[in-house]
Amino acid sequence: MSEETPVGPPGGEVDLNFVMQARRDKLDALVNLGVEPFAYGFDRSHFAAAAVALMPPAIEGENAEGPKVRVAGRIVAWRAHGKTTFAHLMDPSGRVQLYFKKDQIGEPQYAVLDCFDLGDFIGVTGVLFRTRTGEVTVRVEEVQMLSKSLRPLPFGKEEVVDGVTVRHSAFSDGELRSRQRYADLAVHPEVRRLFRARSAMITAIRGFLNDIDYLEVETPVLQPLYGGATARPFTTHHAALDMPLYLRIADELYLKRLIVGGLERVYEIGHDFRNEGIDRTHNPEFTMLEFYEAYADYEIMMTRVEKLLVCAHGAVTRVLGEERNVTGVDGAKGEALPDFQPPFPRLDWLTTLSKAMGVPNVMELETGALAAAAEKVGVQKVGTLSRPKLLDELFQFHVESKIDTPTFVVDYPLELSPLAKPKRGNPALTERFELFARGKELANAFSELNDPLDQRRRFEAQAKLKAAGDDEASGVDEDYLRAMEYGMPPTGGVGIGMDRLFMYLTGTTHIRDAILFPTMRPE
RNA sequence: GACCCGAUAGCUCAGCUGGUAGAGCAACGGACUUUUAAUCCGUAGGUCGCGGGUUCGAAACCCGCUCGGGUCACCA
């Protein structure tokens, strides 16, 4: 059977294009040569970067040989010259050049190289040396196929111009990069680095909270009632219980139940789900940090937030460096991070907005006057907006969008803050703060409402809205009220969107740069 | 959800006022024992997103659909 019949292989695979067919042919050739194309392991002695670092600096006129190393990774560049071949091997640490010489590894092994492709995982053994141009290189004595790549990765070509790596024909389609994140990661070390930075940020935040005696907990994602925020939920159905369940829109109400239970400092880092539009700053599932602390008010929580941010910033900087130098999935260059150092400036909501609008006290304006002011700054359909919504729109336009460096805005009107305690000495306001930076909200926090009677009134107002068809409103959570009736200590609580925080700290502008597998329509 | 823009080879792109598809890289064959966007010679590779229409003729013009991007609306 020397003649291949190129029929579609069994198992439903069809239409192998010629590039992939060539790789299948090489796979067969390897098997025929007695080479196992999918190995079970490899005893690596060094990462690429560590191997390169083993070689002493180049000395003019000397051809020093280094120690023998065993390195493994993907083939990312291949330059065959007849009886010699140069390649680059990539692993998590970086890349190292390989030098294959027919005299060195022998005819049979050298022939196996014909079956190698970009993207294959191989392991090699050999001594280090420097090439004529001074690059530290492994002179391969033994090569092992570890895993044959049957589909070409979208490698671009790289050259270094004035110390800067320039890519040619790079994999740059933002949609494909997001859909096939594995390929994006495989060919873009900087994307791997970016997500390592995200991991470092989350780890640092955990460390920060753990160090001040916070307990990490897990609360239900599937909830019979949703609450803790205003948002449209995802609905699902439990078959055995034959009842609807909602994917949580916030962790808040369960975490505060734990405060009631005597776990005085709790936090959760997990996904919330909101059934809303997708754009560069919204993904239907996103990572939220919420933390609650008994006996703390919003003043204390502000200092927690400041320290947490410094900590997160430090972690990201340790991975990415001061200069960041991040290019987003949409090709946008990351912006430089403005300096920030606690204590962050504080603006109070009422005087800041009043001053920005040039009025003595914005709260004293009639709703009609608010609508007119909102319309003037470009808000649409002002007639349909409630008074709190109008205030919020005006605030967003006049204040929020203009805040660049991290700044706390404190003491929101009660009508804007249904979950916050009234402010001591001014019951028209609440003890609430939000942290803004680069025109975006980074944190939202308050002295938590712990009066169960007040809480019931607010739930009932929500229930009324829900009955009237507002699917962002929640119902009365009787179980939560029962918990609060047992007694809830004064508590400070904070919510911080991790994806948004990461975007801020890296200067990226697209949430796909913060989420490995963003939600997308199926292909 | 509304409006605007886009979809051409595995990747990155070109393709004029309609005349029947191109480049570089990747691939395949050949040469080459220190190259590095290796080089040189040669070859192959495309239902031009899908469906319909106009036309002698459509990648191009028109309509619809799918997917994506941007702006807006909702939101963290």
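Computed from a predicted structure; not experimentally measured. Chain identifiers are assigned alphabetically (A, B, ...) following the order of the sequence lines, protein sequences preceding nucleic acid strands; residue numbering begins at 1 within each chain. Only this structure's heavy atoms are used, side chains among them; waters, hydrogens and symmetry mates stay out.
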> Suppose we call a contact any N or O donor and acceptor under 3.5 Å apart; does that hold for the side chain of A:Arg132 and the base of B:U34?
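Per atom types, no contact qualifies.
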> Phosphate oxygens OP1/OP2 of B:G70: is one of them under 4.0 Å from a side-chain N or O of A:His510?
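Yes, such a contact exists.
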> Using heavy-atom distances to pick each residue's nearest nucleotide on RNA chain B, tell me which of A:Ala229 and A:Thr84 is more 5'.
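The residue closer to the strand's 5' end, by nearest nucleotide, is A:Thr84.
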> Send over the distance from A:Met520 CE to B:U66 C1', rounded to a whole Å.
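For the pair A:Met520 CE and B:U66 C1', the rounded distance is 14 Å.
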> Calculate the interatomic distance between A:Asp279 atom CG and B:C4 atom P; express it in whole Å.
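Result: 20 Å.
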> Remember a base hit wins even if backbone is also touched, and classify A:Phe129 as base, sugar-phosphate or nothing at under 4.0 Å, heavy atoms.
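It contacts base atoms.
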> Does A:Lys402 make a cation-pi contact with A:Phe397, if we ask for NZ or CZ under 6.0 Å from the ring centre and within 45° of the axis?
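Judged by the rule, A:Lys402 and A:Phe397 form a cation-pi pair.
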> When A:Arg512 is tested against each of A:Arg280, A:Arg177, A:Met520 for side chain to side chain contact (heavy atoms under 4.5 Å, CB included), which residue passes?
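That would be A:Met520; it is the only one of A:Arg280, A:Arg177, A:Met520 passing the side chain to side chain contact (heavy atoms under 4.5 Å, CB included) with A:Arg512.
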> Examine A:Arg181 relative to A:Phe517 and say whether NZ or CZ is less than 6.0 Å from the centre of the six-membered ring and inside a 45° cone about the ring axis.
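No cation-pi geometry.
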> Please check the phosphate of B:G70 (OP1 and OP2 only) for any side-chain N or O of A:Arg280 closer than 4.0 Å.
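Yes, because at least one side-chain N or O of A:Arg280 sits under 4.0 Å from OP1 or OP2 of B:G70.
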> Can you check salt bridge (Lys or Arg N to Asp or Glu O under 4.0 Å) on A:Arg139 and A:Glu141, steps first, answer last?
CA-CA 6 Å; A:Arg139 178 179 287 124; A:Glu141 294 163 11; over 6 Å; no
> Below the 4.0 Å mark, does B:G69 have OP1 or OP2 next to a side-chain nitrogen or oxygen of A:Arg512?
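Yes, A:Arg512 has a side-chain N/O under 4.0 Å of OP1/OP2 on B:G69.
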